[in-house]
Amino acid sequence: MSDTPSTGFSIIHPTSSEDQVPPPRHLSLTHPVVAKRISFYKSGDPQFGGVRVVVNPRSFKSFDALLDNLSRKVPLPFGVRNISTPRGRHSITRLEELEDGESYLCSHGRKVQPVDLDKARRRPRPWLSSRAISAHAPPHPVAVAAPGKPRAPRSLVVFRNGDPKTRRTVLLSRRVTQSFEAFLQHLTEVMQRPVVKLYATDGRRVPSLQAVILSSGAVVAAGREPFKPGNYDIQKYLLPARLPGISQRVYPKGNAKSESRKSSNWKVFIITSDLPDAGTSSQIYIILYGQHRSSAPIYLYGTDGARFQDGHEDIFTITVGDIGTLFKIRIGHTNSGHSPSWHCKEIQLHNMNSGKQFYVPVQRWFARDQEDGEICREFPVLSKGQPILPVTIYEVNVATGELWNAGTVANVYISIHGEKGDTGSRQLFRSKSSFNFLRGQIDTFFLEAVHLGDLCKIVIGHDGLGPGNGWFLDDVVIKDPTTNYEYAFFCHRWLDQGEDDCKIVRELYARDNSIFFASRCHVYTFPGKLYFMMTGERQKLELKRKETWTAESWKFTKGNTLQFYNKLTGGFVRLHPDGTVDAIGEKTDKYGVFDVIFNERNICIFQSHEIRHLSLALDNGIVTGMVSGEATTELRVLYQPDRCALLESALVPGHTVVFDRHGKIADASPAGYANLSKEFVIFVKGVFLNSAVVLLATSLCQALCLQPDGSCTGVGSQSEKSYWKVHKISSGICMFESVKNAQMYLRIKDGRCDGMGTGDVDCHFKIKKNLENASISLESTKSPGLFVGLQSDGQAKPMIYTKDENVCFYPQVIQFGRENPMGMSATPSQEEEKIHESKKQKKIPPESEDRSPLPSSTAKEIRRFQSGKTLLSEDEWKVLVLTGNTGTRANVTLWVYGDKGVTGPISLRKDSSEQLFLPGQEDEFQVEIRSIGNIYKIRIGHDGTSEQPEWKLQRVTMQHTKSKKILDFAANVRLSRIQADGDVVCELPVVKGGQAIFPLVRYQVDVYTGKLKHAETESEVFLCLFGERGDSGLRLLYKSNMQVKFQRGQIDKFQVAAVSLGKLQKVLLRCEASDKSQYWYCEQVVVREPGTTSKSIFTCQRWLPFMFQGIIHSEIELYLQEMQINHQPKIQEEANDGDWKVTIVTGDPENAGTTATVFLYVYGETKCSGPIILGSGKYQLFNSNTADIFKYLEEVRLENIATNELFCLPVDSWIAENENDGDLWKEIPIMGTEKAPLPVVLYEIPIYTGTMLGAETESNVFINLIGTRGDSGKRRLHQSKNNEIKFQRGQVDIFSIKAVSLRKLKKVLISHDGTGPGNGWFLGSIVVKSEDEDSNEEVLFPCNRWLDEYQDDGETQRELLAESSPSTGGETGSIIS
């Protein structure tokens, strides 16, 4: 981990040295202003030094492109989604609003925390340390980077193992750090000897690229030999190439002189105590903190004998930049050498420029084996004998996640940042626990530092050393005893080179709602228990609820049979024939079984399995049985973090199914929670039937998985590789066979638990069901008392049963089995086909999503087929594949397209795959093709793997098993990356009467890479064309007309051969970049069909991958741009009834035009027509002073082509968020000759946000007023009249919209878009006030409900009806006082 960041500079001169100091160089470059130069800072973070961006039409063609660019430069959890003025009062939504030379704030939501820009400009960049400086290094000037400019690559000193005199300095540039292997290869060239391993200078292994970057600035390069100790002096070679502000005149070091007012000479006196062994062999460094910035780490190194010996005083002269008034120092050592421990008595500092002297009493050990074990300490300077700032001992609580293998043995480091600087990188090594960072453990550390003021962020990571070094960090809570504040930093992510995004360092921020008094907490009541929760815990609870629902929602699929177990009563819920309900049933009670007959999101109807006409219901808060289908039978399932569920009335939120301890229905109010229970454990019947396919979950997102070496682990992903097929031996006894690796069974044998079983008695397990959490445990029948268990690292091991979760598995059914005896199951092909069919329905949505299966052409499953089996379905086909003179061992895949659907990918393989697709050989497969209608084409290809990836395909023949219908596909193509056109996939059409049904087309695809900086990529890019007749499949864009593909500003031409797709509709682009340096900016894709003059243009103008709502997406769908700009004028066709000509006149003020997409709605007496998309300013429409459209709209003309009736509607208004009322919609009444125009009414809308915890939202809120004359359209509530930040808890926000009179209001539609963190919203009520046609109206629309994906019914839109009350003035609707 790097040390304290700094933008200052510093240099040391030991008083005994005669070296000289170069003078300063002042460079002044003047550039003409050809574009806007703008600085962007981070909301609420004065530590962030800002980024400077040049904005011009070439660099950013849209505002979204600027947001994407800033998201990579400004560290925000969800990327940059909002730009505002420095005080956060006005949001910027267009490039034109940005002013040259100004500064703006970036945030990921609408909430903006102002920043003192003067402080931010002086602050160092986060986690970027200046190189340490040594006394021996020759002083070279270095230029200080301006805020926002890219830093030069970090340099690294590389020593030869065993020979400290042989050293090289290398730059850690992007080119040489693509991978650890590439870096070692680069070092081999630099050192001119093989480099296989790297060590730190103290002999620790450096195993990864991340560890190199986090190293102290030097490494030792070795071959295969072990580390050889030596005097690897790491600091004397780390001096930057150039320091600014130092005079080029030469002075002796003892009289160093500066001609720059931006630097100061300091004399540092350090006295080592005279205690035994007080001296040190380690390297001492010091950092000076001033009001402006901090210095670099300055290593105090001399040449005139040993330093820092017992009772000695050492004197150094150092030069640092303009740090301002000194307020603290940090001093420490590198813990190197044979005797690193050090006891310092005192430190004195003398500013040789100002004459000020500072005395720092120390009297502390800097040693791992003394006092608190710290080797780095901070001390405030004294003013009038008193410290300027207090020294604080921060309590740091680090919570490791509960996932298997979440713990780490690596060295963990943290740097805490506040408004008064940072702590520097500190190792967390001594906690109250015996072992640090174990799974599910909270470790408490104490970190001493000069008080930092309000904390804003931490940087935490590990060095990647040791086995099992990955780490799942839940959160960090830091207690400041000086202010009694606690700061919560939420993470809930992996710091692991093989998980998540592979990062092992994370920057975490404290949000407003995660800073609280340590003594303050909130009490949350959940059925059966009370949760005392600090404010920062709410986010964790919400995430846990969401994850639990995702893991458990499969149980509520329509058709499943359930039982509800109540832990308080110890019985199951029963519904009796007379409609009464209790919770004291036995497991085998026939009245305690329920079928899911309705499921929509998390709302279900549970019908009695025995009494078919009755379902569980909540009628006026009372649990009873009622006729299925009644509104009272609809129950909402609400999962809690402990895998228990609540059953709430969908009709009356808040009414839940509740029982007392005797199992009788109860009311929650009289008896209190101690004797009541609303929580139920849900069991699914028929989980372990024969031939079922199950997933044995070990946590909410992990599962028991078979590894390639035959071992089993509980850290597998919940995917196909973790599926197990159930073989039922007898009642309650089963075997589990891996679906991915057939004939490999879970077993316990010889003290081991693995997946190497062959189906013998070692593989027989008795299933023990745990009523408390619906989990199961697997007991070996051969070795009773031994269960399948998990160690802390997730590895499977035989264990004795305990109630701990290490022997608990949570089954999820992928495919239900049936009550067949052994040996009577379906053929493997049939079973696997059903497994994959069920995978389509296994998409487990969050609580807010619809549970209906969503088909996806890119997520279709791969089916495995075995030959020699007779398949009985009428949809079975025999596929014969004839190989030409070149065979392949790659994996071959088939897709079959019909006029009603597509089947595929189908993997053509057998048990002996090495005997497939040999030269001149015809291979036969049986496949099942279901309900795709008449077949019109196939696609076949291979994946290019194995030693023989080339393949000559001669012919494919398909024969229907029952009707004997034959389809013959002559191919005669070579599928190879290095020959022909480089494609490994081909499409073949069905031939009838000697002619193809649809022709084979070779589409010309032009891919335009943008001209933005770093727009190029070396990543693989894939494309899929979609048309009226299906798709081309995802094709790798492999062979271009250019020697190097996808270079900046380049047009690459490719060919995609496919059966004619008809009119093209969209394309899908995918770019899976390994790191941000390989992101790609695509301008557009143009597709031409040979023989035609037309072309299809698909505009992209985005980076790939891109971030949306906190998720990185590697693919994007681009839709056909229907509007061609350079088209020839069309001949006017005869007008149809109802055809109108629309003319839009844009005003001529500066910036009056727009690039936005423009919509039109037209209202008549009977209905509304719209939205009518008029086009986009991107295509030269709506420019200033043109007759199309606006940003400043002058006039709209509507002409009925059939009747020549003309309406001229003057507007003369801006339509922009930063002009006038900020509304992006205008309503204009029609002025006819017979009737007076309807009035335009100003509707004032007070919106009441509830007072419940978490009621506030950062999302964009929209409203549509509906009256007897129509509606106002969906309007965004953009600008609150009375509050700077909208929709805060307990707040009333007043908005206004103008609309043509709606007359009497009937209802409103209110919604939000769910963007930003904490996007849920509790809406109290809405009031609409208006003065319309001689009447005053004030209508109340009560709500008192959540608009939240994870609360209430999961809806984010509500229709609110006007509250009925007596009217007091004309036709005014509901009146409130």
Side-chain angles (χ1 to χ4, degrees), residues 3-13 21-29 39 41 46-50 52 116-126 128-133 139-149 151-152 239-249 251 253 255-268 285-300 316-331 349-358 360 378 380-381 383 388-389 419-422 424 450:
D3 217 301
T4 307
S6 172
T7 58
F9 56 88
S10 49
I11 187 167
I12 177 172
H13 318 287
V21 183
R25 291 185 62 186
H26 300 286
L27 302 178
S28 178
L29 300 178
S39 294
Y41 295 86
Q47 295 286 323
F48 184 72
R52 198 173 184 194
D116 186 339
L117 295 184
D118 290 333
K119 280 187 178 181
R121 291 183 184 114
R122 294 196 300 264
R123 290 291 182 181
R125 295 283 188 94
L128 293 174
S129 173
S130 294
R131 305 184 194 105
I133 299 175
H140 303 289
V142 64
V144 178
K149 292 186 178 179
R151 291 178 173 268
L239 184 67
R242 179 175 295 171
L243 288 171
I246 306 298
S247 172
Q248 288 189 353
R249 296 193 183 98
Y251 300 98
K253 280 215 172 168
N255 300 305
K257 204 174 191 181
S258 173
E259 293 186 356
S260 172
R261 292 178 298 174
K262 293 185 178 180
S263 62
S264 300
N265 290 335
W266 293 74
K267 187 166 286 188
V268 181
Y285 65 88
I286 189 171
I287 303 169
L288 278 58
Y289 276 78
Q291 290 180 337
H292 295 170
R293 58 175 63 87
S294 67
S295 74
I298 307 167
Y299 280 81
L300 305 176
F316 303 88
T317 300
I318 64 174
T319 302
V320 299
D322 180 18
I323 64 173
T325 304
L326 183 70
F327 68 87
K328 79 171 181 179
I329 66 169
R330 181 184 306 132
I331 189 165
L349 299 104
H350 178 203
N351 189 324
M352 300 170 65
N353 291 40
S354 65
K356 292 183 179 180
Q357 296 188 20
F358 302 91
V360 180
E378 290 189 352
V381 298
S383 176
I388 293 176
L389 292 171
E419 60 181 351
K420 296 177 182 176
D422 58 80
V450 173

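The figures that follow rest on heavy atoms only: side chains count, while hydrogens, waters and symmetry mates do not.
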| query | Which of these passes side-chain contact (heavy atoms from CB on, under 4.5 Å) with Y289: D422, L389, T325? | reply | D422

| Working for side-chain contact (heavy atoms from CB on, under 4.5 Å), residues T317 and M352 | CA-CA 9 Å; T317 300; M352 300 170 65; 4.0 Å; yes

| said: For the CG atom of N351 and the CD atom of Q357, what is their distance to the nearest 0.5 Å? | reply: 10.0 Å

| task | Taking the side chain as every heavy atom from C-beta outward, state whether V268 and I298 have any atom pair closer than 4.5 Å. | result | no

| With no hydrogens and no angle check, is any side-chain donor or acceptor of S264 less than 3.5 Å from a backbone partner on N353? | no

| Q291 side chain vs G324 backbone, donor-acceptor pair below 3.5 Å | no

| task | Hey, could you give me the CD1/CH2 distance between I286 and W266, rounded to the nearest 0.5 Å? | result | 9.5 Å

| For R52 and S39, which heavy atoms make the closest approach, and how far apart are they? | CG-OG, 3.9 Å

| said: Just so I know, are the side chains of F358 and I329 near enough to count as touching, which here means a heavy-atom distance under 4.5 Å? | reply: no

| field | Test side-chain contact (heavy atoms from CB on, under 4.5 Å) applied to L349 and L288, step by step | value | CA-CA 10 Å; L349 299 104; L288 278 58; 4.2 Å; yes

| Minimal non-hydrogen separation, S383 against I388, with atom names | CB-CG1, 3.9 Å

| Closest heavy-atom contact between I287 and S295? | CG2-O, 3.5 Å

| query | Where is the tightest heavy-atom contact between D322 and R293, given as atom of each residue plus distance? | reply | O-NH1, 2.9 Å

